[in-house]
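Below is one structure, written out as structure tokens; the observations come after it.
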Amino acid sequence: MLAVRGTKPLESEQLRAGAFLNCRTVYYLRAMLNDLPSDAQVLDKLKSTFGYTTFRPLQREIVGAILARQDVLVLMPTGGGKSLCYQLPALLHDGVTVVVSPLISLMKDQVDKLQTMEVPATFINSSLDASEVGRRQAAVVRGAVTLLYVAPERLVMPGFLSLLSSVKLALFAIDEVHCISEWGHDFRPEYRELKRLRELFPNVPLAAFTATATRRVQADIVEQLALEKAAIFRGNFNRPNLYYDVRPKKEAYRQLTDYLQQRGNSSGIIYCQSRAGTENLAERLRRDGFSALAYHAGLENDERRRRQEAFIEDRSSVIVATIAFGMGIDKPDVRFVVHYDLPKNLEGYYQESGRAGRDGEPSDCILFYSYSDVIRQEHWIDQKSSETEREIARQQLRKMTDWASATTCRRRLLLAYFDDSLDCEVESCCDICGEPSQMVDFTRLAQMFMSCAIRTGERFGRDYLINVLRAGNDERIARNGHDKVSTFGIGRDQSVDTWRDLAESLIQAGYLHREPNEYNVLKITSMGREALSKREKVTLRVAKSREPGPAVSTPQPHQELFDQLRALRQRLAEERKVPAYVIFHDSSLRQMAAELPATREEFARMQGVGEKKLRDFADDFLRVIVDYSRRTGAEPTKITPPPERRLEYSESAQESYALFNRGLGSEDIASTRGLAISTIEGHLAAAIEAGEDVDISRLISQPKQEVIETAINELGPLPLKAIMERLGEGFTYSELKYARAVW
Ligand code: ADP
């Protein structure tokens, strides 16, 4: 047997980049000594049980460390795939893996999922009667249980401890470990007791997991659980599949219903500040034909559970909730989280919005923001009795409002709050960054509009100017002699709406200024004048008309078949009394509905199809798929990459390129211009794409470029993440971006 603490410990300084390399080294060394399952065995288990062919970032390293019986602390965002990190080793280890989980509902859900994969898992908690607890304990003693889920308070009960001492233990996995810290947002005193495990079972390794990222909480966990020697894995808190969107809270209800309509039956959470707010909004949505339930702490326990289950089992698409709804809800296919009211702080916002898209599929995080919400919150803060509390709350609110009213990348700002920098290319990022794709050359129209304002003496508002341009119906025009100006009627070919959007965009971009005290008269700013006189190119952000969901490359499913598969899944789920996603995730169904597997072998290749699910479900699903293909003559669809969102070769990028040409490196350009390095990299890539004569050798070596190009030829140019996964270590995203631009 291995000496548990014989492995070289990794200190917390080694976190981030370095730690896993060391773990891997340790792991491989041990594997060579035949102590550990080989990489192939691990991958085989991953596919045969979980149905996955690849690991998510850090999973492989964490699994390796756990198999090497090291203590680990894992800080990984929601949806990062923490459970697999202990579930997979549990299947390869001898003995019982004890999982501590704070919520009973969550335990049942996890155990249900594991049982559909034929994993010997069970839970013991207060929802069971004594005889059932006895039966399950006996199964543990018999060695019939690999994964045992318990609540922290049970774990330290004397009876339970003696049960544990009578069996062989592989690992303690502590989920939601931030509950141990008073600094976290979910402190649970019973978690404090867990430190006793260290004294009672000094030879059983401990793996602790949380999605809370702040350094304060991290330090607290390490101290409480004596994890000083643990390997710490800090995942990237970036959630690339989430799209952040802050919208003015104006006609919010209409905006919301428009959005819900677009999203069809997708699942989503709408957070409101107050209990009454959730009830009112849910009621109104129901009246308007949406399937929505309210959820808050004021409901009876049974009622709460009923509503939560209705949401989890897809019987209600939308749950309108206070923040009482959240932890322990690990529904993977939540497609959107809307904050109808302003959250109190950014940490809470990150956790709540993070409940969208656990399955890695594109999902939206929308916040409705208004100044009156800020005032309302300030009012509540003023009610607090302690000055320190008021001060902390004010600071937190300030961070929140700064974020909501930011004019630079929201993702980057959110990550900066957690001390994370953004080192990952995201195709569709946030309402601010998403916009470059909608930067459009409006030079001609902008010149027309601004000239019209000048010709009419800069004394009129937007709609009057539009009437002049479109020779519209306004008797003032003739009276003022404006039917004689050169811009009269030259804009007839554009709609009123186009002109209005253009005028608003010119204002936002600083070409025009609206005089609020002078009947909203539009005046040209000095920037506008300069643009006109120098005939500069005017590129503007156009009003958003974004389709729901960010664009990522996915195979296009045959919709009718997809709906049939969903219905089949629903039926099977109801028969088995489990949530639908326990059978298959949407992403698996989508893949089936796109690739049309016709045989068991083909079906086994679908994401999420392990041996057990192949046995249980292949026949039912294949029948529907084959029948559909035969009836409609449908062909498998190919992966269609979304239209590439190309950045305009903006003036800003030209400026970066000019500095690059003067010999500056991207870091120097970034600090000279006060911009982020990744922005500069984007600029240089844009310059390459625009055909500028960029000295590529200064950015990437020839051999690397060739390797990347080969990968792109094989996988296509998107998404970068897939290419990165193919390349493995030794490449950076910036190198990838450059090589792709050349390609
Ligand atoms: P977390 O606990 O970190 O929030 P989960 O463990 O619930 O995340 O995993 C999130 C989702 O990702 C789950 O639906 C899980 O099935 C899926 N998942 C985990 N690992 C993989 C993988 N290697 N490949 C594909 N899907 C995965």
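All ligand and atom numbering here is 1-based and tracks the order in the structure.
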Query raised in the report: Under a 4.0 Å heavy-atom limit, does Pro77 contact ligand 1 with its side chain, its backbone, both, or neither?
Result: backbone

Output yes when the distance from some N or O of ligand 1 to some N or O of [X] is under 3.5 Å, and no in every other case.
| X | result |
| --- | --- |
| Gln607 | no |
| Phe55 | no |
| Arg56 | yes |

Query - Basic-acidic side-chain contact under 4.0 Å: Glu118, Arg615 - result: yes

I need the nearest protein heavy-atom contact for [atom]: residue, atom name and distance, please.
| atom | result |
| --- | --- |
| atom 15 (C) of ligand 1 | Tyr52 OH, 3.6 Å |
| atom 8 (O) of ligand 1 | Gly81 N, 3.2 Å |
| atom 10 (C) of ligand 1 | Arg358 O, 3.6 Å |
| atom 5 (P) of ligand 1 | Ser83 OG, 3.6 Å |
| atom 14 (O) of ligand 1 | His585 CE1, 2.7 Å |

Report summary line: Check: of Gln59, Arg355, Lys82, min heavy-atom distance to atom 20 (N) of ligand 1 comes from Gln59

Query - side-chain hydrogen bond (donor to acceptor under 3.5 Å, both in side chains) evaluation trace for His178 with Thr210 - result: CA-CA 6 Å; His178 60 275; Thr210 176; 2.7 Å; yes

